K.L.:
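Sharing a structure, written as structure tokens. Questions coming.
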2 protein chains.
Amino acid sequence: METLIRFSTDELGLEAFKPKSRSIDNLPRISSSTEQLFALCGIESRQNLNSSIHKFLHVRIKAGRHIYLSNDKCEMIYLVYSGFLKSTWADTNGNEKVLSFPMKGEMVGLDGIAHGKFANSLKALTDSELIAIPLQFCKGQNIESEIFRNHMISVMSQQLVNEQKSSFIISSLPVDAKVAKFLLSLSFKFKSLGYSEKSFLLRMSREEIGSYLGVSLETVSRTISGLCTIGVLKKNNRSIEIMNFDALKKLKRLPMGVTYKATVRSKKARNPKAHRAVEPEKPPT
Amino acid sequence: METLIRFSTDELGLEAFKPKSRSIDNLPRISSSTEQLFALCGIESRQNLNSSIHKFLHVRIKAGRHIYLSNDKCEMIYLVYSGFLKSTWADTNGNEKVLSFPMKGEMVGLDGIAHGKFANSLKALTDSELIAIPLQFCKGQNIESEIFRNHMISVMSQQLVNEQKSSFIISSLPVDAKVAKFLLSLSFKFKSLGYSEKSFLLRMSREEIGSYLGVSLETVSRTISGLCTIGVLKKNNRSIEIMNFDALKKLKRLPMGVTYKATVRSKKARNPKAHRAVEPEKPPT
DNA sequence: CGCATAGTTGAGGAGACTCAATGGGCGTGG
DNA sequence: CCACGCCCATTGAGTCTCCTCAACTATGCG
């Protein structure tokens, strides 16, 4: 997460508010060297690598298409090079849940390693480009493989923690806080990638947000509208502008319905709507 | 999960219904060899290992005590040798959420690898014994370390998937189904370990179950009581007997509140309490 | 220029939460 | 050995959040 590096930042990633234009210097590569791969991963290596041995192919994928589906054989894992993705899991009844929205620099497909086939599906929300990393490489005995493997272990560990965090959010916070946290985490990611943390475009539908957060799409819509009403946000369809970070951050740590062992259960919680929103802060005018 | 092996099954694990008695042949070891470690992990290796090089110390821990706390330095990961544990995560406000209930054969502490300190806390629900695996060993260059590392990667991948599954359960299913799934997964685990899948003792409180499932403790209690009423379960405090596996399994796949893109939203859902329980099946008399 | 998809908003209801009181088990101490 | 107290579990009553259904609007695409 923090290991994301500012690597040719403007390359792609968010073409944010100028969709579909692609200037000539933004042309994607066909393949990356080990060094390039490592740089994008955020691996700092003091070893002198034999950069020419391995070439990692880039995979381009159109918006709306799947990179892989659940149960597909897993022979590669991927590093997001550009674009916005969506990872989902489906139960046996075909009910889908969105698990994450991978962006540039993130590794995807790690769920496929255990059994040699993917547990999740991965879909492109925008035209995207991924670097394919053969499992073979991950398992290799050479120095590059070993360095990468160590990194991979670290990433998996981190992903585990992230899953747990979002599990907490999903199960313990009221909608307002869920949405606030979601927007803040997006904002943080954008910032890490060198884009505006203040205004950005949601690449996913309300329904997808809802699925991710474990609430209905209407509730997501209402919550975002509510945040606009109290002046914390401005929205225009999928474009979001954060007007008041502090309020949003405060919101995210407000009481909860379901919390286990709430240390001191705030008596203010009795006051209806106490956690519904931050103090309107003297609504603008 | 499926890789759990039947390794000296009766050793400890569940002393189930005869608490606090410990027969002489149940005495825990002080340390394990690589082979023993691998066996408990479920690693099958055709290589001839130098079993005597590494010794893995066992850590014994009393019920109610912590093995590690969030932010503790992570120098070891652990393999559960016996007993029942609880892993929790706490946000900055001190609100805890239960993440898992590790049992024999499960690896814990993998969340600590990324940053060298644990993200979660681990507590013993019963007297337990863990095998400590130094990170040093995990990172080693010898053949034993490499085999173990591969296994560890696989385990992490699997844990990632499991997290995602339970995230789905938490966010998408009604309480009844949550509890049903929970009990079934416990039952399955017990069976894997060679114990009764039909009747067992819950080692955790209603509150802990609630935290794990993202519902209140009262709701857990009510749901379990409800399952008893319709004859699917028998309970006596923390001891559970499953009377009707099919009903429980059916229950777990019933409609849901929050489902994202429910393929065909069953119209029966309009019927109040449609998912409240399975058909009472002509309640016993 | 409509049709389809996505988003908004309202009304009403159901599930699950909170608060509160009761009862059972178990350990401790008189 | 019983009594007391503590913790956990159960159950009830009332309420609130969030869901569902539904109608309407905006946006984008052919």
Side-chain angles (χ1 to χ4, degrees), chain A residues 19-20 63-64 125 170-179 201-211 213-229 235-240 254-262 265-277, chain B residues 19-20 64 125 170-179 202-211 213-229 235-240 254-262 265-277:
Chain A
K20 266 175 285 179
L125 292 177
I170 288 172
S171 74
S172 306
L173 300 180
V175 206
D176 320 67
K178 289 188 191 183
V179 172
L201 216 51
L202 300 175
R203 309 319 266 253
M204 67 296 283
S205 69
R206 301 289 190 262
E207 184 175 28
E208 286 161 335
I209 297 174
S211 168
L213 295 176
V215 297
S216 72
L217 66 119
E218 294 95 331
T219 302
V220 173
S221 182
R222 267 186 258 272
T223 306
I224 292 179
S225 297
L227 290 172
C228 290
T229 308
K235 74 156 199 288
N236 181 4
N237 215 353
R238 290 196 182 180
S239 104
I240 293 288
L254 277 171
M256 55 214 62
V258 192
T259 302
Y260 165 73
K261 211 136 219 168
R265 219 182 292 273
S266 163
K267 282 308 152 197
K268 276 180 274 182
R270 302 302 307 276
N271 171 18
K273 310 211 169 177
H275 72 274
R276 182 106 267 265
Chain B
K20 265 175 289 177
L125 292 177
I170 288 172
S171 74
S172 305
L173 300 181
V175 207
D176 320 68
K178 289 187 190 184
V179 172
L202 300 174
R203 309 319 265 251
M204 66 296 283
S205 69
R206 301 289 190 261
E207 184 175 28
E208 286 162 335
I209 298 175
S211 169
L213 295 175
V215 297
S216 72
L217 66 118
E218 294 95 332
T219 302
V220 173
S221 182
R222 270 186 256 271
T223 305
I224 292 179
S225 296
L227 290 172
C228 290
T229 308
K235 74 158 199 291
N236 181 4
N237 216 354
R238 289 195 182 180
S239 102
I240 293 286
L254 278 170
M256 54 209 56
V258 191
T259 302
Y260 165 72
K261 211 133 217 170
R265 220 183 291 273
S266 162
K267 282 308 153 196
K268 275 181 274 182
R270 302 302 307 277
N271 170 18
K273 310 213 169 176
H275 71 276
R276 182 105 266 265

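Values in this document were obtained by computation on a predicted structure and should not be read as measured data. The sequence lines fix the lettering, A, B, ..., with proteins before strands; numbering per chain opens at 1.
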K.L.:
Expressed as a whole number of angstroms, how long is the span from B:I209:CD1 to D:dC8:P?
P.N.:
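Those two atoms, CD1 and P, are 13 Å apart.
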
K.L.:
Calculate, to the nearest 0.5 Å, the distance between atoms CG and OG belonging to A:L173 and A:S171 respectively.
P.N.:
8.0 Å

K.L.:
CD1/A:I209 to OG1/A:T219 distance, rounded to the nearest 0.5 angstrom?
P.N.:
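So the gap between those two atoms works out to 12.5 Å.
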
K.L.:
Once you round it to whole Å, what is the distance between C1' of D:dC19 and CG of A:D176?
P.N.:
15 Å

K.L.:
Using whole Å, what does the distance between atom C1' of nucleotide D:dT27 and atom CG of A:L201 come to?
P.N.:
13 Å

K.L.:
Out of C:dT8, C:dC17, D:dC19, which has the shortest distance to the side chain of B:V215?
P.N.:
C:dC17

K.L.:
Once you round it to whole Å, what is the distance between C1' of D:dT17 and CG of A:L173?
P.N.:
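Interatomic distance, CG of A:L173 to C1' of D:dT17: 14 Å.
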
K.L.:
Give the rounded distance in Å between these two atoms: CG of B:N237 and C1' of D:dC7.
P.N.:
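Roughly 11 Å, once rounded to whole Å.
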
K.L.:
Residues in side-chain hydrogen bond (donor to acceptor under 3.5 Å, both in side chains) with B:S221, at least two apart?
P.N.:
none

K.L.:
Sequence neighbours left out, what passes side-chain contact (heavy atoms from CB on, under 4.5 Å) with B:L217? Give chain and number order.
P.N.:
B:R206, B:E207

K.L.:
Would the distance check show the side chain of B:K235 and the main-chain N or O of B:I240 forming a donor-acceptor pair, the cut-off being under 3.5 Å?
P.N.:
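Flag not set: sc B:K235 to bb B:I240 has no pair under 3.5 Å.
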
K.L.:
Rounded to the nearest 0.5 Å, what separation is found between the CZ atom of A:R238 and the CG atom of A:L202?
P.N.:
7.5 Å

K.L.:
Angle, rounded to 10°, between the helical axes spanning five pairs at each terminus of the helix from C:dC1-D:dG30 to C:dG30-D:dC1?
P.N.:
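Rounded to the nearest 10 degrees, the bend comes out at 30°.
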
K.L.:
Looking only at non-hydrogen atoms, find the nearest pair between B:D176 and B:T223 and report the distance.
P.N.:
CA-CG2, 3.8 Å

K.L.:
Taking all heavy atoms of B:I170 and all of A:I170, pick out the closest pair and write down the distance.
P.N.:
CG2-CG2, 4.3 Å

K.L.:
So, does A:R238 get its side chain near the phosphate of C:dG7, meaning an N or O under 4.0 Å from OP1 or OP2?
P.N.:
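Indeed, a polar side-chain atom of A:R238 lies that close.
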
K.L.:
Between atom CG in B:L202 and atom P in D:dC8, what is the gap in whole Å?
P.N.:
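So the CG-P distance, B:L202 to D:dC8, works out to 14 Å.
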
K.L.:
Hey, could you give me the OG/NZ distance between B:S172 and B:K178, rounded to the nearest 0.5 Å?
P.N.:
9.0 Å

K.L.:
Nearest whole Å is fine: how far is D:dC7 C1' from B:L125 CG?
P.N.:
16 Å

K.L.:
Would you tabulate the nitrogen or oxygen pairs shorter than 3.5 Å linking the protein to nucleotides 9-12 of chain C?
P.N.:
unit_1: C:dT9; atom_1: OP2; unit_2: A:S225; atom_2: OG; d: 2.8
unit_1: C:dG10; atom_1: N7; unit_2: A:R222; atom_2: NH1; d: 2.7
unit_1: C:dG10; atom_1: O6; unit_2: A:R222; atom_2: NH2; d: 3.1

K.L.:
Between atom CD1 in B:I224 and atom P in D:dA9, what is the gap in whole Å?
P.N.:
9 Å

